[in-house]
2 protein chains.
Amino acid sequence: MNVRNICLAILFEGETTGYEIRKLSTEGEYSYFVEASYGSIYPALARLEEDRLVTSRVEQTTGKPARKVYSITEAGRRAFIDSLFGKLDDDVYRSQFMMFARFAAELPADLVENRLAERIAAVEEHIKTLEELGKKRTSDPEQWVLGVGLHSLRAHLTYLTENKDKLVGMARPVAASAAE
Amino acid sequence: MNVRNICLAILFEGETTGYEIRKLSTEGEYSYFVEASYGSIYPALARLEEDRLVTSRVEQTTGKPARKVYSITEAGRRAFIDSLFGKLDDDVYRSQFMMFARFAAELPADLVENRLAERIAAVEEHIKTLEELGKKRTSDPEQWVLGVGLHSLRAHLTYLTENKDKLVGMARPVAASAAE
DNA sequence: TCGCACATGTAACGTGTTACATGATTAG
DNA sequence: CTAATCATGTAACACGTTACATGTGCGA
């Protein structure tokens, strides 16, 4: 999924601005499986307009900067849906935390414990976000997709919490505090 | 995780060649959370050698091309472990399949069914690979990491198989075959 | 008054991918 | 004979990130 198609996907559901697209791709329903930043969204929208897959109109607002509202065209809808007919890219999972865990034996136990706690907190946070998104019920496919995310993330969380002590136990023991 | 650190991680466990590093990062124990191709590995190894984090020696082989075997230095070990002390990058999950599923309502049911079947097969394949890797038991942290992957992947697979019909049901119905 | 939210956009930079170039041996 | 595996490396290219530039209104 490149930024171009992410823009089309979001515009498929209704007109918005580049600013909003970034928000949606970072915090919205797509956030757990795509990503895009301003530096890629704005140029992508410009090219999309050149290619007549979207149109734009400038909306003057009082006070705030003018908004450039983009709408998808029929050609845009077709192009996006067509892209889903082709061979899909493989799913990608990248994790520096896993590399960290892989080398737990070389790291001090307290560091491993802290990082594990951080990771667990991050996953819990992520789950909460998806749960919030699921509440404002929208389309069925959206619920389905959110369901995949929640299910996997909860399984991930379960493993981490149930096995964290095991990993800490593999780490380099840290001298007990000088107390006593 | 950049390619540089992936190389160091693999060399941490023992000397090898760029060719082997790619194999390990693509098919080996690291494959499910990192990725690297020749075009990035060879330049990375060259820079690593300049920086004295690895050394190399050329091994003449009969018939096959000469192998350039890299070994990590003490400085390399330190640099790698140090990198794990710093703030870790967030985990990343990217999936075009999820985008596809999100727009199931715009797609023909048979396509959705096929793609789901493909995805399920791919996940099953991936699970099998991790199971194979887990058999040749190595270090405990490696087993732990593999455990995370297997656990999450199995949960993912379960969701897909249990909910595939639901998603197909959301897709555009395809005219039944002309048969009577 | 400080910083955040809104809002758009560019430029430099980093990083990695793909395809190409090269070439021998071995298994089918 | 053909394809695959072993093996290294480069160059062109694609893609995206980060930081910067610019500016207002509002709430704490």
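Just so we're on the same page: letters track the sequence lines, and every chain starts at 1.
In this model, the phosphate group of dG16(D) is not approached by any side-chain N or O of S37(A) to a distance below 4.0 Å at OP1 or OP2. Side-chain nitrogen and oxygen atoms of S40(B) include at least one within less than 4.0 Å of the OP1 or OP2 phosphate oxygen of dT17(C). Put simply, T17(A) has a side-chain N or O that comes within less than 4.0 Å of OP1 or OP2 on dT8(C). Distances shown here put a side-chain N or O of K23(B) below 4.0 Å from the OP1 or OP2 atom of dC6(D). In terms of phosphate contacts, Y42(A) brings a side-chain nitrogen or oxygen within less than 4.0 Å of OP1 or OP2 of dT8(C). The side chain of K68(A) places an N or O atom within less than 4.0 Å of a non-bridging phosphate oxygen (OP1 or OP2) of dG9(C). Between Y19(B) and dT8(D), a side-chain N or O to OP1/OP2 separation shorter than 4.0 Å is absent.
Protein atom CZ of R57(B) is 16 Å distant from nucleotide atom C1' of dT8(D), rounded to whole Å. For D89(B) and dT18(D), the CG to C1' distance is 15 Å, given to the nearest whole Å. In this structure, the CZ atom of R47(A) is 14 Å from the P atom of dT10(C), given to the nearest Å. Per the geometry, CZ belonging to R67(B) stands 17 Å off C1' belonging to dG9(D), to the nearest Å. Summarising the geometry, the separation between CG on L48(A) and C1' on dC15(D) is reported as 15 Å, rounded to the nearest angstrom. Residue I41(A) contributes atom CD1, which lies 10 Å from atom P of dG16(D) at whole-angstrom precision. Between the OH atom of Y38(A) and the P atom of dA7(C) there is a distance of 9 Å, given to the nearest Å. Residue E59(A) contributes atom CD, which lies 12 Å from atom C1' of dA7(C) at whole-angstrom precision.
Between R115(B) and E118(B), at least one side-chain N (NZ, or NE/NH1/NH2) sits under 4.0 Å from a carboxylate O, which counts as a salt bridge. Classification of K166(B) and D140(A) as a salt-bridged pair fails, no side-chain N sitting under 4.0 Å from a carboxylate O. Using a 4.0 Å cut-off between charged nitrogen and carboxylate oxygen, E106(A) and R77(B) do not count as a salt-bridge pair. Salt-bridge check for E29(B) with R102(A): passed, with a basic side-chain N closer than 4.0 Å to an acidic carboxylate O. Of the charged side-chain nitrogens involved, at least one lies within less than 4.0 Å of a carboxylate oxygen, so that E131(B) and R154(B) count as a salt-bridged pair.
Contact annotation for A66(B): backbone-only contact, meaning every heavy-atom pair under 4.0 Å involves sugar-phosphate atoms and none involves a base. At a threshold of 4.0 angstrom between heavy atoms, the contacts of G39(A) include nucleobase atoms, whether or not backbone atoms are also involved.
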